[in-house]
Amino acid sequence: MGLDITALIADRSWLEEVPLGERLQRLRDAWYDDGTGFWDGDGAAAVKGDWKWPQGPDSSFFGVYEFLHASGSFKAHFWAGQRWESARDHVDPQLRSELDTLLLGLIWNGLNGEAEHIDSDFFSDGPSFYGVLLARAPDSVQELAETWERIRPGLGGMERAFTEHAALPHGWVRNFREYRGLLEEWGHVLIEAARPGWCVVGLSE
């Protein structure tokens, strides 16, 4: 076993119908609801690298993204952060700054291991975030999506640095192609959520 992650995007106004401390639970309950078609074997098969949209009463309020090669595990995302630590000192300073911002906002704990990935002022009025790896309010999502759009054209410029300092022959996110692919998927999630002004949440069960 190991830590897993499910990436969801959710309608801000729908979450704001309940108090701060109930918002993440509302999303979790909607995701688990039998009416989604996700759990009874009758729903559409999950397509890796694409969205699953629920059926049922909450079908307009959230969606689930299936990462292409992560198999539901958080390990790929964790190791993307580790690979970045190995490569970042050798990357152009402007790109390094932008990638720091993006990864700190999503999956990387930072060099001091203390990065926060939860906008607690939107999602909770208390300290409990059991099973929540990521919870970004729409304003944060918009900023991260804009950061990704700035990164995307020049991302290939770090391939040499990654290959020389971060690539490994085994494990997760072994080469630049896998690293870039994972970042592009996160960019896809951010852009999809930012368009209607939705939140991004990563849940572990």
Kindly determine whether Trp198 and Val141 satisfy side chain to side chain contact (heavy atoms under 4.5 Å, CB included), including the steps that lead there. CA-CA 8 Å; Trp198 282 18; Val141 171; over 6 Å; no
Taking the side chain as every heavy atom from C-beta outward, state whether [X] and [Y] have any pair of such atoms under 4.5 Å apart.
{"X": "Leu203", "Y": "Arg28", "answer": "yes"}
{"X": "Glu149", "Y": "Glu146", "answer": "no"}
{"X": "Ser204", "Y": "Ile5", "answer": "no"}
{"X": "Trp31", "Y": "Thr6", "answer": "yes"}
{"X": "Leu144", "Y": "Val200", "answer": "no"}
{"X": "Leu102", "Y": "Trp108", "answer": "no"}
{"X": "Ile118", "Y": "Val132", "answer": "yes"}
{"X": "Arg12", "Y": "Asp139", "answer": "yes"}

On the ring face of Tyr65, is Lys52 found with NZ or CZ under 6.0 Å from the centre and within 45° of the axis? no
For residues 99-116, the salt bridge (charged side-chain N to carboxylate O under 4.0 Å, His left out) pairs (sequence neighbours left out) are Arg88-Asp100
With Glu184, which residues qualify under salt bridge (Lys or Arg N to Asp or Glu O under 4.0 Å), at least two apart? Arg180
Salt bridge (Lys or Arg N to Asp or Glu O under 4.0 Å) partners for Asp11, two or more places apart: none
Between Glu66 and Asp50, does the side chain to side chain contact (heavy atoms under 4.5 Å, CB included) criterion hold? Intermediate values first, please. CA-CA 6 Å; Glu66 293 285 335; Asp50 206 349; over 6 Å; no
Testing the basics here: between [X] and [Y], what is the closest heavy-atom pair and its distance to 0.1 Å?
{"X": "His77", "Y": "Leu182", "answer": "CE1-CD1, 3.6 Å"}
{"X": "Val64", "Y": "Phe38", "answer": "CG2-CE1, 3.8 Å"}
{"X": "Phe176", "Y": "Leu155", "answer": "CZ-O, 3.4 Å"}
{"X": "Asn112", "Y": "Ala115", "answer": "OD1-N, 4.3 Å"}
{"X": "Ala137", "Y": "Asp119", "answer": "N-OD2, 2.8 Å"}
{"X": "Ile9", "Y": "Ala193", "answer": "CG2-CB, 3.6 Å"}

[X] side chain to [Y] backbone, donor-acceptor under 3.5 Å:
{"X": "His117", "Y": "Leu104", "answer": "yes"}
{"X": "Thr36", "Y": "Tyr32", "answer": "no"}
{"X": "His165", "Y": "Glu85", "answer": "no"}
{"X": "Ser59", "Y": "Gly56", "answer": "yes"}
{"X": "Arg83", "Y": "Val173", "answer": "yes"}

Flag for [Y]-[X]: side-chain donor and acceptor within less than 3.5 Å:
{"X": "Thr147", "Y": "Arg150", "result": "yes"}
{"X": "His69", "Y": "Trp172", "result": "no"}
{"X": "Trp148", "Y": "His188", "result": "no"}

Residues 18-27 side chain polar contacts: donor-acceptor under 3.5 Å, at least two apart:
from  : atom 1 : to     : atom 2 : distance (Å)
Arg23 : NE     : Leu15  : O      : 3.4
Arg23 : NE     : Val18  : O      : 3.1
Arg23 : NH1    : Phe122 : O      : 2.7
Gln25 : NE2    : Asp29  : OD1    : 2.7
Arg26 : NH1    : Trp14  : O      : 2.4
Arg26 : NH1    : Glu17  : OE1    : 3.0
Arg26 : NH2    : Glu17  : OE1    : 3.4

Are Leu3 and Trp186 connected in a single hydrophobic cluster, I mean Ile/Leu/Val/Met/Phe/Trp/Tyr linked by side-chain heavy atoms less than 4.5 Å apart? yes
Test Leu183 against Ile151 for side chain to side chain contact (heavy atoms under 4.5 Å, CB included), laying out the working first. CA-CA 10 Å; Leu183 292 192; Ile151 289 170; 5.7 Å; no
Of all residues at least two apart in sequence or in a different chain, which pass the side-chain hydrogen bond (donor to acceptor under 3.5 Å, both in side chains) check with Glu159? none
Among all residues two or more places apart in sequence or in another chain, which pass the side chain to side chain contact (heavy atoms under 4.5 Å, CB included) test with Arg174? Glu178
Let me see the working for Phe62 and Val201 under side chain to side chain contact (heavy atoms under 4.5 Å, CB included), right down to the final yes or no. CA-CA 10 Å; Phe62 77 100; Val201 177; over 6 Å; no
Which word best sums up how the rings of Tyr179 and Trp84 line up, parallel for under 30°, tilted for 30 to 60°, or perpendicular for over 60°? parallel
